[in-house]
Amino acid sequence: MSTTELVLRLALTAAAALIATGLYGALSQQSVVMIMMGLELVVNGLLLAAGAFWWAGGAPVVASVLIVVLVTVMAVEMAMGFAVALALYRARQVDLTDDAAELAG
Amino acid sequence: MTALVAVVGALGAVAVVTGLLVFTVNSMARATFLLLASFVAVGAVLIGFGLGYLGTVVILMMTIEMMIMVVFMVMLMMNPAGLMPMTMVHNRRGSWAIALVVFGLLTTGVWLVPFPTPGPAAVGDPTLALGDALMGGQMLTMMTLGLALLATIVGTVAVAVSRR
Amino acid sequence: MTLLLALLLAVPVLAGLVLLAAFPRATGAPVVAAGGVAAVVTSVLAVELATARPVVGVPVFVVPLVPGITFTYAVDGLGAVLAVTVAVVGALVLLAAAGEERLRRGRFVGAVLVFLGAMLATVTAATLPALLAPWEVMGAASWALIAFDRRDPAVGPAAGRAFLTTRSADVGLYVATGAALAAGVPGLAFAELAAADPAWTSLIAAGLVVAALGKSAQLPFSGWLSGAMIGPSPVSALLHSATMVAAGAVLLLRSAPLLATTGWAATTVAWAGALTAVVLGLVACCQRDLKQLLAASTCSQVGLMVLGAGVGASAGAAGLLVAHAAVKALLFLAAGGWLAVLRTRALPALRGAARRHPAVGVPFTVGAVALAGVPPLSLWWTKDAVLTGIPFGEGGLAVAALLATVLSAVSATRAAWFVWRPVRSPSIRRGAEQPGRARRHVPVAITAALAVLAVPAAAVGAVGVAVGLVPGADPGELLTTGVVVLFAAAATWALHSRPVRLRSSLWGRAAARVRGWLGLEALTGPVVGTPVLALAGLLDRADAALGAAVPRAAATVPVLARGVERHGERRIAAAVDRFATGVRRLGDLARRPQTGRQHQYYAQGVIAIGVLAAVAVVVVSAGVR
Amino acid sequence: MTADVLTLAPEALVALGAVLGLAVGTWLPPGREGAVRGLGVLFAVAAAVVAVVGPRGPAFDGTYLVDTATTVVRVVVAGAVVVTLVLAGDRPDVSGGPRLTSGGSGGPRLTGDEAEPTTARVDTAFAVLLQLSAVGAMLLGGATDLLLLAAAVLLAGLPLAALAGLGRDGRATEAALKYFLSSALFGLLALTGTTLLLGLAGATAYPALAGLTGPAPAVGMILVLAGLLMAAGAVPAHFWVPDAVDGTSPVTGAVLTTTAKIGALVAVWRLALAVPAVPTPLLVAILAVASMTLGNLAAFAQTSLRRLLAYSTVSQVGYLLVPVALARDTGLALPTLLGYLAAYTVTNLAVFAVLAARPHALEIGEQRGLARRHPGLAVALAVGLLGLVGTPPTIVFAGKLGVLTAALDGGAAWLGVVVVVNSIASLVYYLRWIAPVFSAGDPVLRDPVAPRARVVALGLAVLSVVGSVALVLVPTL
Amino acid sequence: MLTAMWVAPLVVALLLVPVTRREVLLGAWTALALLEVVLAALAWSGVGAPGYAHEVAVPWIPAFGVGYHVGLDGLSAPLVAMTALVFLAVALYSMRGDPAQDGDTDPRRTRGYVLLFLGLEAVSIGLFVALDLVLFFVFFDVSIVLMYFVIAGWGSGARARSALQFFLYTFIGSLVMLLGFLSLAVAAPRPTFDIPTLAALDPLAGRGVAGVLTVAAIGIGLAIKTPVWPVHTWLPPAHTDAPAAGSAVLAAVLLKMGTYGFVRIALPLLPGPWRSVALVAVVLGVVSVLWGALVALAQRDLKRMVAYTSVNHMGYVLLAVGAAGFLTAGPEARGLAVTGATVQMVSHGLITGALFLLAGVLRERGGTSEIAAWSGVAGPMPRFSWTFAVAAFASLGLPGLSGFVAEFSILAGSLPAVPVAAAVAALGLAVTAALFVRALQSMLLGDRHLPRAAERVPPRTGAFRRPASPDLRITQTAAVGLLLAASLAIGLAPGLVTATIAPAAATVVDLVSR
């Protein structure tokens, strides 16, 4: 295994760990904001993975474009998440998803 | 090269550990800062990979974003400073199981799948190449993202603005 | 000539239909006149056809049914004679009917005309479909005629039974037609039946025989005829003389060659005829009701014709048919005349009727004597022509025929004896002596018809033999039957005048049983009606269960389940219930993931995507595309 | 570059409509923003026209492809935008009840919690967000590059979350939250897939992906699909559909279940063809069966019409995925998919329009006697629902016929049987709705009807019948 | 020409949408129905040479081989004419008394009724002239939908349930049939739904199991609509609860869609498979004949009874088409059977249409069609009695009326192929006779006893005057008389129809013998 490969796989492993952690957060947290943080962590992992792919040379430019996309997505979703959380708080005085479970069935 | 291995390993570990800590601390403010730390670590790795511009962007953006988040939480959320410790989690066991399975699968994939590794791309300035791509082939993607940003602005304002 | 034939068939039918459809409630002279004109025209046409036939050949009238198969009508020898008989008897019956107030209706006259038309078509039919069509029409028309007195609650069942019995037997005709088609009979013509593919002849013959026996009220179908007596007397006269009952005999006469080729049909037919002749002859002897006596006697006489058809004595049987037509029409009309005046048809109540109304009594006596077979009146000649046809080896048949002859002599004499007794009947006396009530006369129309009919009733046999239409019988045989009949008649007369009282109650019960037509009519109930109705009811319930059992959609399943439960089908109900519950549970199951909790949506979505990814990995690794 | 922009003219027109609308809407007094919708309609119609007559072919270095499929998506999406904008005209404030109910004291109850006047320019926001989402849907339909696809998923989905949240009562906000969280997670899954495929292939353009083999690309493909399934509202990313549709007004429900779906399904079709070594068709077939069955079963016991319709759309996506699953096996797949998409859009919008016409009657029991009071609306509803069943002469019948033909022609008769069985099952709940409509209802003194919605419903019903005749005009695809 | 025939009712329906006057609605409908009859006669006169008259073929959805293809031949022309006649009769019948009687106070309800029937007329005619499977299916399904609304909207009793049951049953059947169509279309080298093309191709020849499955799918769909035992159970409730005009159309026209499908699609397009399942058809046909007749015998309600006789009569058709699949018999006999089957369709349409209209009169006058509730009707209701008697005798196959021609041809034609089955089925004739005679004697004869509602002299209201007598009104007499006159015409001169049908039937038999 070449060093390049080793670095790539190490970085990807870290990315996988970040993604899994983020997933855990998204699945387990009740607060909307905390869920958002989990999702951010997933993006974080993806950033790491994309950077690693860029560095490994398999995906020269697109990987950096992907990073730009990821950063934008992160910002956009964060903003929208805050807006929705705010609206929810205003409408129901809650910020927990479990309290917003009127619609079901 | 070996140094890079160490740096990536170390910073990666930092990112993961801080990321994990995000969901274990009691205070949301603390969680926010831990998340920021995780992002900074990844940004540093990106810089280490030679993507100086993008790494910096990530770090700066996240810093700002986390600041906003803190403000937001102070404004609205219960228990922002961890004054009244309480866990707001559900289905922790299931979430752990899912997360661990996902991690296991992804890691297995990472170490088994033959990724193409022609080596570090040394052609020119990566920032310049990025700019070329953004103004060339991926221009439509960027325009789409621009529209998405517009939509976000309109949407967040429409949703979040005071009703009266 | 084809035009004449077409007219012969069309005039009565169309006139009848017009009367039926347009003037069902019209009454009085116009109706009678219309009917009379139609009937007379028909008769003239028939006579014209019959006389012209030898000169110009067989006139044929064709109506296409489907390409290759036609309704073909032709006037051959038999057809000519029968057509004239039918037309003339029909005209006279109409004439007689005009004598009764309630029968002067468009509905009645129309139905009679349609009926006549159908019979004319039956006797001139040259192909099976051509026969089948009028055959069925006749059945329906008879229903309408028997049920004429629609207020009477008894007419419905009687008419229905008559129609249904004959119709059931008609199924045979359908089968025969189909079999003839299968056998490749060209054009389904009668003339070609005997030459049909032998594989199918038996089926054809069986079908024809069943149909004919049913229509002719032969055993075991005789029952309906008794009930049919509830119809107006002119209707009975029509049914029993030249039409309806005779149609079966005509059919058998036409198909005699076929019957002969099968090897069994002819014998069967002959025996059926003989048996009917004897049994119904016996029934006739025991009757106390004049019309029932005449009806049973008709069966018996037609049995002789059927016997003739079976043994191949076609000409004799045809002669008997014609003669019997005249005689029976005469007798029934006379009975109807008395019924109209005296309001009874019970023999004991008719004592002295002939003396009181000699204008009816005399022709009646001529008819009765002829029916008895007394020489030299018509039935003597013709019956003997049939008897002569019985092959030498068939002793049983000969004995039966002779017995039937004797029995018919007995029953005819019995009828004559009653009507000529001195007036002792309280009803007649009462009717005569009731103050303030004018003595009732038999309508002139009936008297006139009787007078006309008396001539052929007496003479047609001799004339027929003379012109060669009826084969002359062996003189010795003629003599024998003549003597036997005279003896039997005399004995009957004597026995009636000085009745022998038998002490045994068994005899009385037996007589009552025979008088009731051996329960044949009642038998149709338990033997056919009840089982069919029971089956129908059973199937109805089964049908309801079927409707309930086939699973409906989930929404209606509970309702359905209750319905099935009502039918006591627990197991089906349980199954349907399970199905309904199952579907409902599936629906609930499908909604269970929709908990409303976002984190559970997340978990489910991630797991599903993960499973899908695993499936994809497995599939790819396994090399499936 | 000019040529590229020309090729993208329809998208550009709709986006321009959104931007102009935003600008104009800012200057208009709140609550009187009809001009924004008018502008949107104008630009959408223009976009549809340009889409039909405009140039075709690849654009932007092959990240985008304009072919028949893209054209159909553009036209249908533009049409849907027009229809929903017209429908929205009945509702001055998406959060409150319709204008016509404001005066009646004994009138029907309001859907929203309250209907006070507002300073927010909700109408403008609605129109702008709708158009931006439509641009995203169009881009989804034509994207041939994973990065563009990811961006388009974002653009198509994100505005809808805001759209759902415009109601801003408790239910609407919950709907927005659920939609948003779903779209965020599944969007990230799609990005994960994109990253993985990028790492494997070194590129994101579809032609570059064609050579991928092995299990890893399959996982990447599933992850990318996850994002598209979310946009389309298919199992297992369907959870937001019932809750979001049930929580918002019928007009918003119509938007949520229409625009993004059109682009997403065509995108799935493109993906299915992109990597031959990945058994995408099989996976899509599984998803199709799951979607239609789950949607139909879950719709059985619903009493809320919006929820019922939402599940019905889940099952419809299942039918729509069938031709996608057969994309590699039969040439009939694409025409079927496009035809069914168009037919589904018309019919689905028609039914939602009927709901929108009487926003106070959104429970099944409240439909009693509709035929007596508003026969036209009842007929439109019957046509729409029977259309969703797939009964002739509605245009969905042609779609379903195509689905079945494609299934048999593609050698997947079992899929055809599943479709038929599901259609039969779906009859139960559609008829459960139709039956009360045509029964004698309680006398209701006032039963106001939103005028535009009624016209739209009738128009779409007619279109859904006449459309099947107009198939003559469709050239051989 | 044919297109105009099925589009014309739709055009009139469109024109009538804004109209709310009862008189205008009913008048326009009747005028159109009359026009349709004339057009049908004209179209029929063009049928002659082998092949299709007035043929029009336009591609519709070319990618799937779907075309708009219509044409008229000997099998369809009589059915189209019958359909036109039945609808004319129904239109005449519907011009009845006062609207308050059946709750039709709202002219908009009358409009809905008229529009539905116009739609039904359009799809019925369209179905019989369709020469494309998809077109056929479209008309087939739309008829179900429209009839659902007729029953659910204007029926009586448990109409909602009956309508739902009718819809579910026939709709499920139609979907199964659609699968069969598709399997047939896809089996062709290039998918096509064109009936003549498929008949020429015989795409499933030699594809054993696939062919049998296809014919089974198509057969099940058609059998449910026909209906054949044991999938007939939707029929009695539907008929009982449908309005009289709906029952008449349902029985007269809609059932024919099933049987027509057999002779138009199942036999010529799937000759081999049909031959292999012909025995099943024969057995089901015979069971239907006897079952229908016997169960009808047990009914107490006239409408239900007539409904079951439909099962009986359609059983004969199935027997005939089944027999056509037995090559042991000669082509003449099988041709006769198929001819008979077609005549039976026409005949049953005319007769049963009349019977249901008459039963409807009873419902209208006395509120019930229970046989026991009416007695001695011949006196007070002579027109009813006469028409009912004629219709009953026609239905039981009295010569001189169309039923005889049909049943005679079927039985005679089937017997060479399946002697036992035909002979057993012939017993059905006797049972049918029994049940009709029973009904006749129970209702017409005896003492006068009518339901109370029928004895009441109703007030005069509305534009149409109500007569004092419970007898048929003039338009109703005309309606029923029209149908019976047609039946009589066929009965007296069968050549009128058989000359047209027989060549087409011979073609079908040729095709099935391949």
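Numbers restart at 1 for each chain; the letters A, B, ... are given by sequence-line order, proteins then strands. Hydrogens, waters and symmetry mates play no part in the numbers below; they use all other heavy atoms, side chains included.
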Under 4.5 Å heavy-atom distance to chain B, tell me which part of [X] shows up: side chain, backbone, both or neither.
X	answer
A:I67	side chain
A:A75	both
A:V32	neither
A:A52	both

* Asked: How long is the gap from CZ on B:F103 to CD1 on A:I19, to the nearest 0.5 Å?
  ->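 Interatomic distance, B:F103 CZ to A:I19 CD1, rounded to 0.5 Å: 10.5 Å.
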* Reported CZ-to-CH2 distance for the pair B:F23 and B:W96, which is rounded to 0.5 angstrom ->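 That separation rounds to 9.5 Å.
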With only heavy atoms counted, which part of [X] is less than 4.5 Å from chain A, the side chain, the backbone, both or neither?
X	value
B:V16	both
B:L36	neither
B:V7	neither
B:I98	side chain
B:L20	both
B:T141	side chain
B:V22	both

* Asked: Just one of A:L46, A:L23, A:L18 clears the side chain to side chain contact (heavy atoms under 4.5 Å, CB included) bar with A:L41, so which one?
  ->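 Going through the options one by one, the only one that passes is A:L18.
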* To do: List the atom of B:G55, the atom of B:L46, and the distance in Å for their closest heavy-atom pair.
  =>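 B:G55 and B:L46 have their closest heavy atoms at CA-CB, 3.9 Å.
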* Could you please spell out the steps behind the side-chain contact (heavy atoms from CB on, under 4.5 Å) verdict for B:V101 and B:L105? => CA-CA 6 Å; B:V101 169; B:L105 290 176; 3.9 Å; yes
* Compute the centroid of each ring, for A:W54 and then for B:F49, and state whether the two points are separated by less than 6.0 Å. =>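 A:W54 vs B:F49: aromatic centres not under 6.0 Å.
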* Would you mind telling me which of A:V84, A:V43, A:V69 has the largest number of heavy-atom pairs within less than 4.5 Å of chain B? =>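 Heavy-atom pairs under 4.5 Å are most numerous for A:V69.
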* **Test item: A:M37 and A:Q29 side chains (from C-beta on) under 4.5 Å apart, heavy atoms** =>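 No, their side chains stay 4.5 Å or more apart.
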* Specify whether B:F115 and A:F53 have parallel, tilted or perpendicular ring planes, treating 30° as the upper limit for parallel and 60° as the lower limit for perpendicular. =>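 B:F115 and A:F53: tilted rings.
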